[in-house]
Number of protein chains: 2
Amino acid sequence: MRYTRYTRFIKEVIVDKGGGKSSASGRSSAPELATRDERKLRTRSSLLDAALTLMQQGRSFTSLGLREITREAGVVPTSFYRHFRDMDELGLALVDDGGATLRSLLREARKESAPVSDIIRRSVTIYKEFLLDRHMHFMFIAGERSGGSPVIRSAIRNQVNLFVLEMSQDLRRLNFLPHLSTATLQMLCGLVVNTMLNAASDILDMPPDEPTLEQELLDNFVKQLRLIFLGAISWKEPVAKP
Amino acid sequence: MRYTRYTRFIKEVIVDKGGGKSSASGRSSAPELATRDERKLRTRSSLLDAALTLMQQGRSFTSLGLREITREAGVVPTSFYRHFRDMDELGLALVDDGGATLRSLLREARKESAPVSDIIRRSVTIYKEFLLDRHMHFMFIAGERSGGSPVIRSAIRNQVNLFVLEMSQDLRRLNFLPHLSTATLQMLCGLVVNTMLNAASDILDMPPDEPTLEQELLDNFVKQLRLIFLGAISWKEPVAKP
DNA sequence: AATTTCAGTGAACAGTTGTTGACAAACATT
DNA sequence: AATGTTTGTCAACAACTGTTCACTGAAATT
């Protein structure tokens, strides 16, 4: 048992064993999965993808069944247990992926080195692209944020809080709104993130190919953010009683 | 068939038939359900209550089953169909109830004839009382708002939009923030309502009897609203190009 | 008083669910 | 080359699901 863990660690360190075990079929046409761990990871992520795909079809995660997922993933139900103890554990994996997506959004936003004019509109554009690109993760996060099982709900809440914290630290580092206290800055970021996620729900629920409706939603989103930041600018910290 | 509908209508007009059909048991101890329609309504609402009760125990509506609900309500599964075609229809009934709750919240808020000082804090207090009083409706609305089945999701969206509209009309009538255009006022109300519902999720998810945490959440909620209204005050409508 | 209407019951159905244990074959380790 | 490890499969299970049909008894109508 301990040996196994050790060898897995080795696997992760040695990147390429130099494979090429002579197989009959050609290398390029049939992709020939190399190591065992790789294959395990592959079916694992096909399970995760199956869950997301089903949710994309309108189902909510909480209503998904184990068998349903394995069916969609193209494996036999019992295979599920080789990867997750139960549905909750799969859900938590999805939460982690969603958190990673959020974090990468933040990384992308950091590149945008602040030319202060119309920064909101441009951030929203970035956000929308992200939204459409990883719409399934956002649907999951925004959808189960206050709907799903308690375990998953609180896991999502943690990830979102982390995101809020990181965002507020970013703003501080950029010396954005320097007159705000740390607590107020975090409150602001919480408000912004909630608004973001609500907008995500709205945008992702849209019937496809309705450009005017989409534009309306986006404009509304931008207006809301403008109003929030306008409030942040004229915010006065209450003075502590002497 | 038409007769039936007619007699039902009569039932609703004639308030008291003068009942007192001589029954063995006393009037006060055993409540003796009077008319048939009343009894039907009673089990109907016991089905609705059963759904809400189960959700209170951490389940999400989408994951509830028909049998589960009838079991909780204390009737046999087949009785369900006397009241609802399927779970979606029951869900829609819950949405209606939730909408009524929202509307009554608005009615309550109207009584508070604006002494502008600290109006936000007092509104939040009203809101919190409402939240705790009808916590199950709010859990349902806030939870399934972007989680549940598409039918229910869009029904909730309608109710919430209606609420937003009504709220914006109220503000206009009170001559509150008269420099805002109607569209902006609605945008503002949408933002406020989203913030309200997010706060509802947070507050209702709290572990019970943690007064300091509760106070933190409420303070944060108040701060967010303050910031929003601060933004609304200093909002300048863009001038249309001449 | 006779008749109709109907909310709630009971038994039964076909289908699906989560979970178990034994097994095969590809892989990894010795 | 021999041995152990492990991913995925198969068959089977008890439990539960939504839905059907015929039925009962009391309330409502005639």
Side-chain angles (χ1 to χ4, degrees), chain A residues 1-12 14 17-21 23-24 32-47 50 54 59 62-90 149, chain B residues 1-14 17-23 32-47 50 54 59 62-91 149:
Chain A
M1 224 167 196
R2 191 177 268 145
Y3 265 70
T4 308
R5 286 200 138 246
Y6 176 68
T7 53
R8 284 204 182 159
F9 174 69
I10 291 295
K11 267 281 145 47
E12 290 172 14
I14 302 176
K17 210 175 171 180
K21 174 181 184 281
S23 61
E32 284 290 332
L33 312 176
T35 157
R36 184 142 75 180
D37 294 348
E38 272 179 311
R39 273 202 278 189
K40 177 161 188 179
L41 275 182
R42 198 164 301 205
T43 70
R44 184 190 134 104
S45 79
S46 86
L47 285 173
L54 289 173
R59 314 280 316 277
T62 331
S63 74
L64 294 182
L66 181 153
R67 283 183 113 105
E68 211 171 349
I69 287 183
T70 58
R71 203 180 305 134
E72 174 77 27
V75 290
V76 97
T78 41
S79 272
F80 184 91
Y81 297 103
R82 302 285 182 205
H83 303 273
F84 308 102
R85 192 182 311 280
D86 51 23
M87 284 291 296
D88 263 355
E89 206 172 289
L90 185 145
S149 87
Chain B
M1 221 168 198
R2 192 176 269 145
Y3 266 69
T4 309
R5 286 199 137 245
Y6 176 68
T7 53
R8 282 205 183 160
F9 173 68
I10 292 295
K11 267 282 149 42
E12 290 173 14
V13 172
I14 302 175
K17 209 177 172 180
K21 173 181 184 283
S22 63
S23 61
E32 283 290 332
L33 310 177
T35 157
R36 184 143 76 179
D37 295 348
E38 274 179 310
R39 273 202 277 188
K40 177 162 186 179
L41 275 182
R42 198 162 302 204
T43 69
R44 183 190 136 102
S45 77
S46 86
L47 285 172
L54 288 173
R59 314 280 316 275
T62 330
S63 74
L64 293 182
L66 181 153
R67 284 184 113 104
E68 212 172 349
I69 287 183
T70 57
R71 202 180 305 133
E72 174 76 28
V75 289
V76 95
T78 40
S79 273
F80 184 91
Y81 296 102
R82 302 285 182 206
H83 303 274
F84 308 102
R85 194 183 310 279
D86 51 22
M87 284 292 297
D88 263 354
E89 207 171 287
L90 185 144
S149 88

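Lettering follows sequence order; numbering is per chain, from 1.
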Nearest-Å distance for atom pair [atom1]/[atom2], residues [X] and [N]:
X: B:E38; N: C:dA7; atom1: CD; atom2: P; value: 14 Å
X: A:L54; N: C:dT17; atom1: CG; atom2: P; value: 11 Å
X: B:K40; N: C:dA7; atom1: NZ; atom2: P; value: 4 Å
X: A:R44; N: D:dG8; atom1: CZ; atom2: P; value: 12 Å
X: B:L66; N: C:dT17; atom1: CG; atom2: P; value: 17 Å
X: A:L90; N: C:dG18; atom1: CG; atom2: P; value: 12 Å

Shortest non-hydrogen contact from B:A73 to B:S46?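 Scanning both residues, the minimum pair turns out to be CB-O, 3.7 Å.
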If you compare all heavy atoms of A:F84 against all heavy atoms of A:E89, which two are closest, and at what distance to 0.1 Å?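 Heavy-atom minimum between the residues: CA-OE2, 3.7 Å.
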Axis bend over the full length of the helix from C:dA1-D:dT30 to C:dT30-D:dA1, computed from five pairs that close each end, to 10 degrees: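 Terminal axis comparison yields 20°.
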Just N and O in the side chain of A:T43: are any of them under 4.0 Å from OP1 or OP2 of D:dT7?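 No.
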Does B:R39 put a side-chain nitrogen or oxygen below 4.0 Å from OP1 or OP2 of D:dA27?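 Yes, because at least one side-chain N or O of B:R39 sits under 4.0 Å from OP1 or OP2 of D:dA27.
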Which residues share a salt bridge (Lys or Arg N to Asp or Glu O under 4.0 Å) with A:R59, sequence neighbours left out: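 A:R59: salt bridge (Lys or Arg N to Asp or Glu O under 4.0 Å) contacts with A:E68.
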Heavy-atom check, side chain of [X] versus side chain of [Y], under 4.5 Å:
X: B:R82; Y: B:R44; value: no
X: A:D88; Y: A:S149; value: yes
X: B:M87; Y: B:F80; value: yes

Please round to the nearest 0.5 Å and tell me the distance separating atom CG of A:L41 and atom NE2 of A:H83.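 The distance works out to 9.0 Å.
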Walk me through it: do B:T70 and B:L47 pass the test side-chain contact (heavy atoms from CB on, under 4.5 Å)? CA-CA 7 Å; B:T70 57; B:L47 285 172; 4.2 Å; yes
Specify the residues of residues 67-89 of chain B, ordered by number, for which at least one heavy atom lies under 4.0 angstrom from an atom of DNA chain C.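 Nucleic-acid contacts, sorted: B:R67, B:V75, B:V76, B:T78, B:S79, B:R82, B:H83.
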